[in-house]
Amino acid sequence: MPQPRLFDPPDAPEPWELAAEADRTTAEIVLPLPTPTTFHYLVPDALRELIRPGQRVKVPFGRGDQLRVGFVVAVGTPPPATRRLKSIDAVIDREPLIADDMLALTKWIADRYLGGWGQVLDSVIPAGVKKQAGTREIRCFQLAEGALEKAAGMKLPPRQRAVLDVLSESDGPVPVDQLEAAAQCGTSPIHALRDKKLILPVRQRRSTMTDDVVPAARMADLILNPDQQRALDAILEPLRTPRHETILLHGVTGSGKTEIYIRAIREVVSYGRQAIVLVPEISLTPQTIRRFGSRFSSLAVLHSHLSDAERHWHWQRIARGEVEVVIGARSAVFAPTPHLGIIVLDEEHETTFKQNATPRYHAREVARERSRRAGVPLVLGSATPTLESFDRARQGIDRLIELPNRVEQRPLPPVVVVDTRTDPLVSRGHSIGRGLQHSIKRSIDDGGQVILFLNLRGYSPVLWCLKCNEGVKCPDCDISLTWHRDRGRLLCHSCDFDMPPPERCPKCGQPGMKYLGAGTQKLEQEVRTKFPDARVVRMDSDAMKKPGSHDEALERFRKGEIDILLGTQMIAKGLDFPNVTLVGVIDADSMLHQPDLRAAERTFQLIAQVAGRTGRGEKAGRVIVQTMSPDDAVIQLAAQHDYLGFAERELAQRREHQAPPATNLARVIVRGPREDLVRAEIRKLVEHLKATALEIGGDLRILGPAPAPILKLKKLFRYHCQLSAPDVEQILAWWRKAEPKIALTEELELTIDVDPLDLR
Ligand code: ADP
Ligand code: ZN
């Protein structure tokens, strides 16, 4: 058998004649471009046996016929009759990088989120898989066909016999060094056998990684309470059929949702199938991993700190079916499980499930489509589901299961709303008001632990000029610079620009600038001053730069080595510490007054989630929310733990304002270095979209164009408009029809974001 060497370009390009094209194999290729188009290429005879969908190839593309890397998405499709086809230059991958069902799913993503199929494939397949990181090619030998029969009639030296014996006892190719060791010989008997054509050289990729997963201590199952059992039964029903169904598990914090997932997955594993559990990255703490690790024997944890080699290694284990449960952030929805049995998406309301770069997919929707195609259930869990998910469940499209109580009759903590407008300390510039200060002291004196939440990192968010009545802004962004006192710099939280604080206002030259407001660094200082004996840790992205420091801090908190944990979002999520008796929200208003259609929803979620961090053990807990809008309905409903009341109210408002989920949105952003040009071009674009909408008809609306709330970001001016329609399919059709005639000036960038979450 000749050695295939076709993973390099063939030696000489062969002249394919136009007349001969009809009976040649062609392949459909997608390139990582923002276009829905696929391209047809001829498959040279030499590659015909090797080429399969899911592999990468090199193809000549564009005017200069430059070689570009594309993905094969189909082989043998009839080519378009009109054009002369170019030939594929080389096949890059020996095996497809992605299975057919996942290939089809990436096509769905490209259609649903208006991206290029090639772009989606390029982003979905991890770099480590493409590079085959952590593996190397090794030379192996295997028996030739009929070699043993042939050898029986030959007179062979004992060492050559020994080599044949080793190979006949192994069930596959054996690496040269192992073969030499097992047969106790050097290379010459092996080469002699090869020359006699009794054995064949083959190359195999082997992982250089070893399994270093430390098995966690086994834990027995808990006895489910009646609510949990009811929820489990609802999941088991479609699981046993099996059929697809989406189940929204709306359960208050501490209602035992994770235990339900574990039991459902136990069933899936007993069928020899695999489960995917999607969590926000921040929940990938050792705590979560331990909980799953103590119940399942083979786990793959896909977090963002994996090296290319580790990611590739997990990918292959998963693809071979060796992994029972895959736990990971957003992109784990693409885990190549061969027999998927269930997908669980926990903390369904988290915005990190939406990708903020092309392809701008939402993991929940991809999970929905993947589980639908696989005919298996999807479980969404949250104490505060998004209104999109809640509305679907309420309408009966998905199944709604409620867990209204915490396990073991633990009560939800009382939430006290404190008006900071009349607080004597806050009016003097403190972050912690009088009521909260008393409560912190009491909690610590009673041996409890405290969590303080402030969603602003740095020391002060603004350096204010009293004359201009303006803060100092980033020169490249339309954003105030934040004072980071520890570094002695003003910092842009958007582009990382930094500078020393100016003595005089950069605009008017006036001295006497003032630092306004407080971030976590200033809060930390205040806490240390007010509670000098308490052990305090600040947790935000500045303090937790080192990989692992987040886990380490949480572990110390769990052990009781920390009294007060203060920080940003990082501490609001999914933590389960029984000894936390007080949670303080420093400023509930910062989110509430954002110009964002989901401002109320995010505020509600935040209060409910931080409240979920206390009262989880034997001790009772309480929550203090400081706000300047104590009468605001959202804050009141959150204080009463009234999700249903909030959802009804908010859904009514969304309907009134024609906002999601009452309608569907896509956001179009045009960016460029010159504002006048951006404005002029987006106006043209909007006119074109309006004209297209008239042609199509139906209830298509367009809002804008308008400057984006953050007008300038990283030196580029941004304008946007919003497309809306009752059905997302209508928006997609609209855009696809308009797209071919959109021609922006070269220096402008265009983004379309379907189901946008970030509207800044
Ligand atoms: P959620 O995910 O809904 O916030 P968890 O699954 O984290 O809730 O459960 C909260 C706590 O209750 C965990 O410590 C868990 O071990 C415990 N728990 C869950 N179910 C039970 C049960 N049936 N009996 C006793 N404890 C339980
Ligand atoms: Zn900036």
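Numbers here are sequence positions counted from 1. Numbering of ligands and ligand atoms starts at 1, following listing order. What you see is a predicted model; the values in this text were computed from it and never measured.
For Arg760, the CZ atom counts as loosely surrounded, since its 6.0 Å shell holds 12 or fewer non-hydrogen atoms of other residues, nucleotides or ligands. Within a 6.0 Å sphere centred on CD1 of Ile397, other residues, nucleotides and ligands contribute more than 12 heavy atoms.
Of the N or O atoms in Leu222, none lie within a sub-3.5 Å distance of an N or O in ligand 1. Of the N or O atoms in Thr253, none lie within a sub-3.5 Å distance of an N or O in ligand 1.
Of the listed options Glu408, Arg291, Arg613, Arg291 places a heavy atom closest to atom 6 (O) of ligand 1.
Residues Asp542 and Arg457 are paired through a salt bridge, judged by an N-O separation under 4.0 Å between the basic side chain and the carboxylate. Note on Arg718 versus Asp478: no salt bridge recorded, every NZ/NE/NH1/NH2 to OD/OE distance being 4.0 Å or above.
Shown here are the protein N/O/S atoms lying under 2.8 Å from the Zn ion (ligand 2), water excluded: Cys474 SG, Cys477 SG, Cys492 SG, Cys495 SG.
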Contacts under 3.5 angstrom, residues 557-568 side chains, donor-acceptor by atom type, not counting sequence neighbours:
from, atom 1, to, atom 2, distance (Å)
Asp563, OD1, Arg535, NH2, 3.0
Asp563, OD2, Arg535, N, 2.8
Asp563, OD2, Arg535, NE, 3.1

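Between the side chains of Thr352 and Arg330, no donor-acceptor pair of N or O atoms lies under 3.5 Å. No donor-acceptor contact under 3.5 angstrom links the side chains of Arg598 and Gln594, judged on distance only. Judged purely by distance below 3.5 Å, without hydrogens or angles, the side chains of Thr581 and Arg622 never pair a donor atom with an acceptor atom. With hydrogens and angles left out, the side-chain atoms of Arg602 and Thr384 include no donor and acceptor closer than 3.5 Å.
The distance from ligand 1 to the heavy atoms of Ile223 drops below 4.0 Å at these ligand atoms: 22 (C), 23 (N), 24 (N). Every atom of ligand 1 with a heavy atom of Leu224 under 4.0 Å away is listed here by number and element: 23 (N).
The protein heavy atom nearest to atom 8 (O) of ligand 1 is Gly256 N, 3.1 Å. Scanning the protein for heavy atoms near atom 17 (C) of ligand 1, the closest one is Val407 CG2, 4.1 Å. Atom 4 (O) of ligand 1 has its closest protein heavy atom at Gly254 N, 2.8 Å. Closest to atom 2 (O) of ligand 1, if we only count protein heavy atoms, is Thr258 OG1, 3.2 Å. Scanning all protein heavy atoms for the shortest distance to atom 11 (C) of ligand 1 gives Asp576 OD2, 3.8 Å. When only non-hydrogen protein atoms are considered, atom 20 (N) of ligand 1 lies nearest to Gln228 NE2, 2.9 Å. Of all protein heavy atoms, the one lying nearest to atom 10 (C) of ligand 1 is Arg616 NH2, 3.6 Å.
Between the CG atom of Leu380 and the OG1 atom of Thr246 there is a distance of 6.0 Å, given to the nearest 0.5 Å.
With ring centers used as reference points, Tyr261 lies 6.0 Å or more from Phe292. Ring-centre distance between His484 and His493: below the 6.0 Å cut-off.
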